[in-house]
Every structure is written in C-alpha cells, then in structure tokens.
Amino acid sequence: MANNEDKFKKIIAHAKEYGFVFQSSEIYDGLAATYDYGQYGVELKNNIKDYWWRSMVQRHENIVGLDAAIFMHPTTWKASGHVDAFNDPMIDNKDSKKRYRADVLVEDYIVKIEAKIQKEVTKAAKRFGETFDEKQFLTTNPRVLENQKKIEDIKKRLYSAMDEERLDDIKTLIEDLGIVCPMSGSRNWTDVRQFNLMFSTEMGSLSEGANKIYLRPETAQGIFVNYLNIQKTGRMRIPFGIAQIGKAFRNEIVARQFIFRMREFEQMEMQFFVRPGEELKWFEYWKEQRMQWHLNMGIPETEYRFHEHDKLAHYANAAFDIEFNFPIGFKELEGIHSRTDFDLKSHQEYSGKKIQYFDAELNDSYVPFVVETSLGLDRTFLAVLSYAYNEEKLDDGSERVVMKIPPFLAPIKAAILPLVKKDGLPEKAIEIFNSLKNDYMCFYEEKDSIGKRYRRQDAIGTPYCITVDHQTTEDNTVTIRERDTMKQDRIGIDKIGSVISQRLKSNI
Ligand code: ATP
C-alpha cells in the first residue's frame, strides 16, 4: 500500500462511504473535531465497549461500574486542578491564524540562544585543543556571558509574568524578543489569553443567578466523587475498582487528526483503589493486564508499545502510555497512571467530607491510593479500523477492500443472502435471518449479484456470509463463506447458529 498518509486518507474515506464515521453536522459543512458514528460505526463502538466492560467489570469480582453525570459541581474542577493547573497562556498569529502556547514560544527562543552558546563552546574547543577548559570558558567568555545573562533575564520576566498572570507582559516579552510565527514569519500577534481546555456553560436561568459549570474533561472525577457512595453501598474492600464509560470534552487546540483528537470523545476508565505503598505493585499489574486486553483482540504485538512519561502530571508518581501504530505513527491509545491519593485527598479538603477507608486487616484508616487505566474509546475504534483496512489483489486479477475487524467486534456477524430473487430463495433466507436475529446482528440483502454483495460485506467487515441457493430448497443446506479466506463450506441450516458461535469464540 502507498505511504501512511495515503492510508489514513483512504481509511477516513472508507469510514464515511460505508457508514462508520461521518463528520458532525456535515450538511452545514461540519463542525471541527466532532464526528458522528453511523450505522456500522455505532455497532463496532458498542462491541468495543462491551468487550471492555465484560473484561473489566464482569470478570472481576472486585470491580463495579458507574454512570456519572457529565455535569458536576464546579468545585470538582477546582479540587482536581483543572481550573487552575491546566490553564495555558495562548497567543494567535493573525496572519497564519495559528495558535501557540505563549510560554512555549519564549522557551523555544531560549533554546536557540542555548544553541548559540553551545556553538561557541564547540568552536573554542576546536581552537584550544587539549588545553581547553570548558568550565572556565563558560564563566569568562564575554559572548557566552552576554547570552547567559540574556537567558536569565528572559526567564525571570517570563516566569514572574506567568506566576502573577500578567498576560500583557508576556506579550511585550514576545514583541521585545522579536519572536516570529514559525508558519507565517510575521510578528502580527494577538493579545495573550488564558486558555482552558474545559468547555463551560451556564446552569439555571439568568434571573436566578446563573452558575458557570463545565463539561467534564475526563470521566475520572465522577468516580472519585462517588468513591464513598460505592464503597459503602457496595461494601467494597480494598483493593477494588470502579469502572465507567462516558463522554468527555476538551477544547483541543490542535484537532486535525480525524477521530484521534476530538473535542467531544468517549473514555473508558477504571480507578483501582489500593493501600498506600502498594500502588506501584498494582501499577505493574494493570500495565500488563491492559496490554493483554489489547492483544486479545488478535491485533499483533508489533502494533503496540509502552511509552514511559518523562514529565509526570501534578497528581502522578508513575505513568505509562500504551501506544498504537496508527497511520499517523505510534501515538497514545491508553494511559496507565499511578495517581497517588491526590484526588481523594483534594476532594476531602474541598468538600469537608472525610474520605477514609478503615482497613480491618491493618486496623488502620487511610485515604486510598489510586491506579487508573484510561482508554480512549474512539482511539481504540481508530486502532481497529487502521489494522482492519486491507486492500487485496485476488487470484482472478480483481481487487477488494476487506475490513479484517476481529470477528467478535464486527458490526454485522452474518449476512443472509439469497442467490437469486426468485424460486422461493428469499423466503427461505428470511426464515434463516429470523432464526438468527435474536443472537446475532444479521443483515439481509437480495439486490445485486452475489459477488457484489460479498464485496460490500467484506468492506464492512462481516465475517460470515450465508448464501441460500437452489440446493437449499432440496436438502436444507447453505454455504457459509469466511471473510478473510473467502472459503465456502456447505452446512445444514440447523447448524448455522452453532457454527457461527463456535467460530466467534475461537477468535477471542
Ligand atoms: P494526548 O497527550 O494525546 O492529548 P492525554 O495524555 O491528554 O492525550 P489522557 O488525559 O491521559 O490523554 O486521557 C486518556 C485517554 O483519553 C487517552 O489515552 C486517549 O485515548 C483519550 N483521549 C484524550 N484526549 C482525547 C481527544 N481529544 N480525542 C480522543 N481521545 C482522547
């Protein structure tokens, strides 16, 4: 296949053409970084959710579910740090219309001065040879000293302006340094504004005195604020987990990567509450478990890798990502974070409610530590789609696009197809459809040649096509065609259900 960018474009086009993913409000030219899941997309998405829920909740006696509201008390986001700690100063270039983190622009400028100093060092080292004393050079060379002083002054101005939120001063600094937009090369900047990734809206009518509330940027906080409710009513004993699937919203600045980075997306998160001091043991456990979950889909190991965070968030003491080999490169699919007791402690402080666990074995009370697994549902969907998309040349010289979606996740499990639209074949096929529809998502179609119908099922990833032909009316047998091998077997109608069930099971 052509290069990866090409492949990405093809996947996006295929996803649209076959009813997996549409741009939101497309008839109005769409809304940036928001997407709708079509008739097959919603099935695949539901199957991924179901796979996650079963393996996290159903198969763990100590993990339970939750479905918390998207709107939460505004103090939640003070306690979590989202209101203050996740605020970034942003600036736009009026010519390129590109938005930048203002502090990053200044820091990039500093990196350039540092490079100049390094150049002086390399030059001098060459000139003085063996006798070169780098330390002495750095502390005495006038040009180096001048540049170092420059860096210090810039840092002082930047950090004090950031700490005191003097946004005008950050802009003046950018202007004084003559920083240009890397895209347009111009110095035509807007003012610096604080930019928070949270969407806000008002609750209540204006006359009542409206209250600013946020659309949650992560589902995790719904779990933390329900910790006491669930621990008490579920009589949960540590270690235990709470799992949730739900929408999250972030006003992303860079949002041009299809469903990889959206402004409205869905997360599947699990917070696991453990004894203080045992968090790193559980962190290792969940790291391995989560990787295994991905591999159990049947996508090869080479498509995944771990990535350790260099810079930890303010709440974490260990963090790894599971990255997937998307057509846009290896990128984060899931985060596994050891969040310490930061969130529960903070909610305890802000709410004034005691969030403690009495550990009967230790005869001691404590605020539990948390290990979380945080997976993007849409990114998992994109991973499956990227892996599944295959263009094949067939022996007869023709081509097909086949979506090799793991069969247990496929939107449609079986297509029931009468060979022709007469001789009682459609009636027989509908009978079969009705006998299977309670157990499997099935599809019935009688239009077009059987070859065309097979191709359409290949394109949406249907693992089995059941064809009713003239022999069916004689001996009650049908053919079952496998999507990947295109091999056909003849089986009795009474066996269809059990054959599908057996083949689906052998795949997980
Ligand atoms: P990134 O670094 O890619 O912005 P993040 O580190 O901010 O991601 P987390 O806050 O750890 O992401 O969120 C957990 C998971 O939620 C991510 O691993 C990802 O799968 C998903 N996710 C986060 N932001 C988005 C988004 N804008 N669109 C789709 N999925 C997202």
Side-chain angles (χ1 to χ4, degrees), residues 8 12 15 21 23-24 31-37 41 45 48-49 52 56 70 77 80-82 85-88 99 101 104 195-199 214-224 243-272 283 286-287 290-291 293-294 297 303-326 328-339 342-343 370-386:
F8 198 36
I12 296 169
V21 182
Q23 210 182 359
S24 158
L31 182 68
T34 351
Y35 291 90
D36 298 340
Y37 288 85
K45 203 173 169 199
I48 296 172
K49 280 193 218 181
W52 187 84
M56 298 301 272
I70 287 170
W77 307 111
S80 70
H82 282 85
F86 294 120
N87 251 333
D88 295 323
R99 177 165 291 168
R101 286 256 305 269
V104 172
F195 194 84
N196 192 297
L197 290 189
M198 284 195 292
F199 284 98
Y214 298 101
L215 273 71
R216 65 181 179 200
E218 62 177 24
T219 52
Q221 297 303 325
I223 291 180
F224 292 131
Q244 171 165 232
I245 300 177
K247 290 261 176 156
F249 304 81
R250 294 183 193 174
N251 202 358
E252 298 280 4
I253 297 156
V254 183
R256 285 183 288 272
Q257 293 156 320
F258 190 43
I259 56 171
F260 180 82
R261 194 177 296 285
M262 296 194 284
R263 297 207 166 101
E264 173 180 341
F265 58 99
E266 219 159 333
Q267 291 185 314
M268 305 195 281
E269 293 198 301
M270 193 277 298
Q271 266 67 35
F272 200 68
F283 178 74
W286 281 111
K287 234 179 84 188
R290 292 305 308 147
M291 181 60 101
W293 182 88
H294 290 282
M297 280 195 263
E303 302 299 301
Y304 296 90
R305 72 179 186 199
F306 281 117
H307 168 78
E308 187 173 7
H309 284 210
D310 318 314
K311 224 172 122 190
L312 292 173
H314 61 274
Y315 52 75
N317 71 354
F320 265 79
D321 292 337
I322 293 176
E323 295 187 335
F324 182 78
N325 189 12
F326 291 102
I328 44 175
F330 269 100
K331 296 239 185 273
E332 174 175 346
L333 174 63
E334 171 160 15
I336 295 113
H337 312 125
S338 173
R339 288 181 84 126
F342 173 84
D343 300 271
V370 173
V371 174
E372 81 170 355
T373 68
S374 177
L375 175 61
L377 173 54
D378 313 273
R379 286 191 192 175
T380 310
F381 185 104
L382 182 59
V384 170
L385 226 55
S386 312

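Indexing begins at 1, ligand by ligand and atom by atom, following the structure's order. Remember, it's a predicted structure, so these values are computed and weren't measured experimentally.
Considering backbone and side-chain N/O atoms, Arg250 comes within less than 3.5 Å of an N/O atom of ligand 1.
In this structure, of Glu332, Glu266, Glu252, Gln267, the residue bringing a heavy atom nearest to atom 18 (O) of ligand 1 is Glu332. Of the listed options Phe265, Tyr35, Phe381, Phe249, Phe265 places a heavy atom closest to atom 31 (C) of ligand 1. Considering Glu218, Gln257, Arg261 only, the shortest heavy-atom separation from atom 4 (O) of ligand 1 involves Arg261.
Numbered from 1 in the order shown, with element, the atoms of ligand 1 that lie under 4.0 Å from a heavy atom of Glu334 read 18 (O). Heavy-atom contacts of Ser374 reach the following atoms of ligand 1: 13 (O), 14 (C), 15 (C), 18 (O) (cutoff under 4.0 Å). Which parts of ligand 1 touch Met262 is read off a 4.0 Å heavy-atom cut-off, strictly below it: atoms 26 (C), 27 (N), 28 (N), 29 (C).
Under a 4.0 angstrom heavy-atom cut-off, Leu333 registers as being in contact with ligand 1. A heavy-atom separation below 4.0 Å is not found between Lys331 and ligand 1.
Note on Arg339 versus Glu372: salt bridge recorded, some NZ/NE/NH1/NH2 to OD/OE distance being below 4.0 Å. Contact check on Glu266 versus Lys49 returns a salt bridge, with a Lys/Arg side-chain nitrogen under 4.0 Å from an Asp/Glu carboxylate oxygen.
Nearest heavy-atom pair across Thr373 and Met56 is OG1-CE, 3.7 Å.
Geometric assessment of Arg290 against the ring of Trp293 yields a positive cation-pi assignment under the 6.0 Å and 45° thresholds. For the pair Lys331 and Phe324, the cation-pi test (distance below 6.0 Å, angle within 45°) is failed. Remark: Arg305 qualifies as a cation-pi partner of Phe330 under the 6.0 Å distance and 45° angle criteria applied to the six-membered ring.
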For this session: Verify ring-ring contact (aromatic ring centres under 6.0 Å, His included) between Phe260 and Phe326, making sure each step is shown before the conclusion.
Result: CA-CA 9 Å; Phe260 180 82; Phe326 291 102; 5.3 Å; yes
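At the shortest separation from atom 19 (C) of ligand 1 among protein heavy atoms lies Arg379 NH1, 3.5 Å. Taking atom 21 (C) of ligand 1 as the reference point, the nearest protein heavy-atom neighbour is Gly376 CA, 3.7 Å. The protein atom (non-hydrogen) at minimum distance from atom 29 (C) of ligand 1 is Phe260 O, 3.2 Å.
Looking at Thr219 and Gln244, their side chains never bring a donor and an acceptor atom within 3.5 Å of each other.
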